[in-house]
*Asks:* 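Sharing a structure, written as structure tokens. Questions coming.
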Amino acid sequence: MKGFLSFIPGNSFFHNLNPVTKLFYSMAICAGCFMSDKWQVLLFLLAVGILSGIVSGICQRTFSLLKGLFKVSIFLVTLQILLIRTGNTIWTIPLVNLAITDNGINTSAVLVLKLSGATLPLALMLSVTKLQDLSNALVDKLRIPYKYAFTLTTAIKFIPVFAEEMAGIIEAQTSRGITLDTKNPFKKVALILPLCAPLLVSSVRKTSATAIAADLRGFKLRTRNSIIKKQGTKFIDVVCVVFSLLLVAISLEAKFALVGITIPGL
């Protein structure tokens with residue numbers, strides 16, 4: 001978890017894009033995943049996200065995120081397969097009277113592909129974008145008020161910080177003889193829940209310190225004209241936007257074809 005959203009320097013195609021273009025590209029893939037229900041299209045969008053990470057030179061971060069998503073997917077697949085009873089029965093578990101159906105397997109596969117395909121591009125976008133540049137671009141290009149852009153980027157910045165704080169609290173409790181390394185997920189949750197109190201106290205202290213520091217630097221006086229570093233739009237941004245629209249068009253065509261509607265020109 002440590003540093004999983006931190007910026008990774010580089011000079012790749014995606015590093016040189018405007019932050020707004022990166023955001024649009026990742027949101028286009030995310031929208032395409034939610035619009036389509038065909039596993040072929042979802043698998044294609046997931047492959048596009050993985051390829052984007054490889055092109056950006058952050059292969060280790062890409063596959064590390066996939067590994068984390070895989071762990072969550074196991075739980076979701078198990079839940080969907082056991083709860084969905086519609087469809088043709090493939091296998092029956094007599095001891096607990098549960099039936100595994102083809103509809104349950106298909107639904108769980110689509111759900112996992114949607115989750116992975118929609119989450120990966122957003123995480124990778126943050127890995128190749130400085131949060132300060134993202135905040136400036138949101139204010140300059142999208143005309144978002146500075147305080148809202150600052151709040152968004154600050155919240156993202158605090159995610160790995162809180163993760164490190166939680167890791168430190170767990171290490172401190174382990175050194176005191178509290179065993180947290182258990183394979184039972186329910187027991188582990190019961191042991192970790194009491195640790196949320198010191199994490200909350202630490203979070204409030206960091207938030208208060210950040211608010212005081214922002215006030216001392218004239219946070220309330222900052223406007224769109226206060227931005228010093230402004231990033232323009234280049235040809236590669238236009239290429240990325242066109243490719244993003246193409247991905248959305250593919251998802252739309254697959255969705256409407258699934259319900260028997262034909263879109264002219266697609």
Side-chain angles (χ1 to χ4, degrees), residues 1 3-8 10 12-17 19-84 87 100-129 134 156 159-160 236-237 239-259 263 266:
M1 179 71 79
F4 80 106
L5 291 180
S6 59
F7 172 71
I8 300 178
S12 66
F13 173 83
F14 288 99
H15 280 88
N16 295 323
L17 289 173
V20 175
T21 305
K22 300 176 191 178
L23 181 61
F24 181 80
Y25 174 72
S26 58
M27 292 301 294
I29 297 179
C30 182
C33 289
F34 283 106
M35 286 188 295
S36 179
D37 291 322
K38 285 188 175 182
W39 67 268
Q40 297 92 337
V41 177
L42 295 172
L43 191 62
F44 168 72
L45 293 174
L46 177 61
V48 170
I50 296 174
L51 184 61
S52 300
I54 296 175
V55 171
S56 302
I58 51 174
C59 297
Q60 184 176 0
R61 173 73 59 84
T62 302
F63 291 106
S64 177
L65 289 170
L66 283 175
K67 182 179 178 181
L69 290 171
F70 177 74
K71 294 179 180 179
V72 178
S73 300
I74 293 177
F75 171 75
L76 293 177
V77 167
T78 304
L79 189 65
Q80 292 290 323
I81 289 178
L82 295 180
L83 294 182
I84 296 179
I100 298 177
T101 64
D102 55 350
N103 190 24
I105 295 176
N106 293 333
T107 303
S108 60
V110 169
L111 178 63
V112 168
L113 289 175
K114 281 179 178 286
L115 172 67
S116 303
T119 305
L120 187 62
L122 293 172
L124 295 180
M125 183 272 295
L126 295 174
S127 299
V128 297
T129 308
L134 177 61
I156 297 173
I159 293 176
I236 56 175
D237 293 299
V239 173
C240 186
V241 169
V242 172
F243 182 68
S244 302
L245 294 175
L246 179 62
L247 293 178
V248 174
I250 292 175
S251 301
L252 282 173
E253 194 279 334
K255 180 175 181 61
F256 284 104
L258 188 64
V259 296
I263 302 178
L266 291 181

*Asks:* Just to verify, what does Ser12 make a side-chain hydrogen bond (donor to acceptor under 3.5 Å, both in side chains) with, not counting sequence neighbours?
*Replies:*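 Ser12 satisfies side-chain hydrogen bond (donor to acceptor under 3.5 Å, both in side chains) with His15 once adjacent residues are dropped.
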*Asks:* How far does NZ of Lys22 sit from CG of Asp237, to the nearest 0.5 angstrom?
*Replies:*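 Between Lys22 NZ and Asp237 CG, I get 9.0 Å after rounding to 0.5 Å.
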*Asks:* Are the side chains of Ser116 and Ser73 in touch, meaning some heavy atoms are under 4.5 Å apart?
*Replies:*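 When only atoms from C-beta onward are counted, Ser73 and Ser116 do touch, with a gap below 4.5 Å.
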*Asks:* Rounded to the nearest 0.5 Å, how far apart are CD1 of Ile250 and CG of Leu245?
*Replies:*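 Answer for the CD1-CG pair, Ile250 versus Leu245, is 11.5 Å.
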*Asks:* Answer yes or no: is there a side-chain heavy-atom contact under 4.5 Å between Phe14 and Ile58?
*Replies:*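 No. Closest side-chain heavy atoms not under 4.5 Å.
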*Asks:* Applying side chain to side chain contact (heavy atoms under 4.5 Å, CB included), name anything that partners Val20, two or more places apart in sequence or on another chain.
*Replies:*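 Here the qualifying residues are Asn18, Ala137, Lys141, Leu142.
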*Asks:* Would you please name every residue forming a side chain to side chain contact (heavy atoms under 4.5 Å, CB included) with Asn106, sequence neighbours left out?
*Replies:*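 None.
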*Asks:* Are any non-hydrogen side-chain atoms of Ser56 and Leu124 less than 4.5 angstrom apart?
*Replies:*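 No - every pair of side-chain heavy atoms lies 4.5 Å or more apart.
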*Asks:* Give me the atom names and distance for the closest heavy-atom approach of Ser251 to Gly32.
*Replies:*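 Scanning both residues, the minimum pair turns out to be OG-CA, 3.2 Å.
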*Asks:* Check Val110, Val72, Leu120, Leu42 against Leu115 for a side chain to side chain contact (heavy atoms under 4.5 Å, CB included) and give me the one that passes.
*Replies:*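 Exactly one option meets the side chain to side chain contact (heavy atoms under 4.5 Å, CB included) with Leu115, and it is Val72.
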*Asks:* Can you tell if the side chain of Val41 reaches within under 4.5 Å of the side chain of Glu253, non-hydrogen atoms only?
*Replies:*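 Counting from C-beta outward, Val41 and Glu253 never come under 4.5 Å.
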*Asks:* Just how far is it from atom CG of Leu65 to atom CD of Gln60, taken to the nearest 0.5 Å?
*Replies:*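 Separation between the atoms: 10.5 Å.
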*Asks:* Drop me the distance from Ile50's CD1 to Leu66's CG, to the nearest 0.5 angstrom.
*Replies:*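 Ile50 atom CD1 to Leu66 atom CG measures 4.5 Å (nearest 0.5 Å).
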*Asks:* Would you mind reporting whether Leu122 and Met27 have side-chain heavy atoms less than 4.5 Å apart?
*Replies:*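 Heavy-atom side-chain distance check passes, below 4.5 Å.
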*Asks:* Are the side chains of Ile54 and Thr62 in contact, using a 4.5 Å heavy-atom criterion?
*Replies:*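 Not touching, per the 4.5 Å side-chain cut-off.
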*Asks:* Show the nearest heavy-atom pair for residues Pro121 and Ile29, with the distance to one decimal.
*Replies:*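 Shortest heavy-atom contact: CG-CG2, 3.5 Å.
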*Asks:* State the NZ-CG distance between Lys38 and Leu113, to the nearest 0.5 angstrom.
*Replies:*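 Here the interatomic distance stands at 14.5 Å.
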*Asks:* What residues form a side-chain hydrogen bond (donor to acceptor under 3.5 Å, both in side chains) with Ser26, not counting sequence neighbours?
*Replies:*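 Per chain and number, Ser26 pairs via side-chain hydrogen bond (donor to acceptor under 3.5 Å, both in side chains) with no residue.
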*Asks:* Run the side-chain hydrogen bond (donor to acceptor under 3.5 Å, both in side chains) test against Ser52 and tell me which residues pass, sequence neighbours left out.
*Replies:*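 Testing Ser52 for side-chain hydrogen bond (donor to acceptor under 3.5 Å, both in side chains), a comparison that skips the adjacent residues, returns Tyr25.
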*Asks:* Under the ring-ring contact (aromatic ring centres under 6.0 Å, His included) rule, what pairs show up with a residue in residues 30-65, not counting sequence neighbours?
*Replies:*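 Qualifying pairs: none.
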*Asks:* Please report the shortest heavy-atom distance between Ala118 and Cys30, naming the atom on each side.
*Replies:*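 Between these two residues, the closest heavy atoms are CB-SG, 3.7 Å.
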*Asks:* Checking Lys114 side chain against Ser36 main chain: does a donor-acceptor pair fall under 3.5 Å?
*Replies:*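 Yes: the side chain of Lys114 pairs with the backbone of Ser36.
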*Asks:* Kindly indicate whether the side chain of Leu134, heavy atoms from C-beta on, has any atom under 4.5 Å from the side chain of Leu126.
*Replies:*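 Result yes, sub-4.5 Å side-chain heavy-atom pair found.
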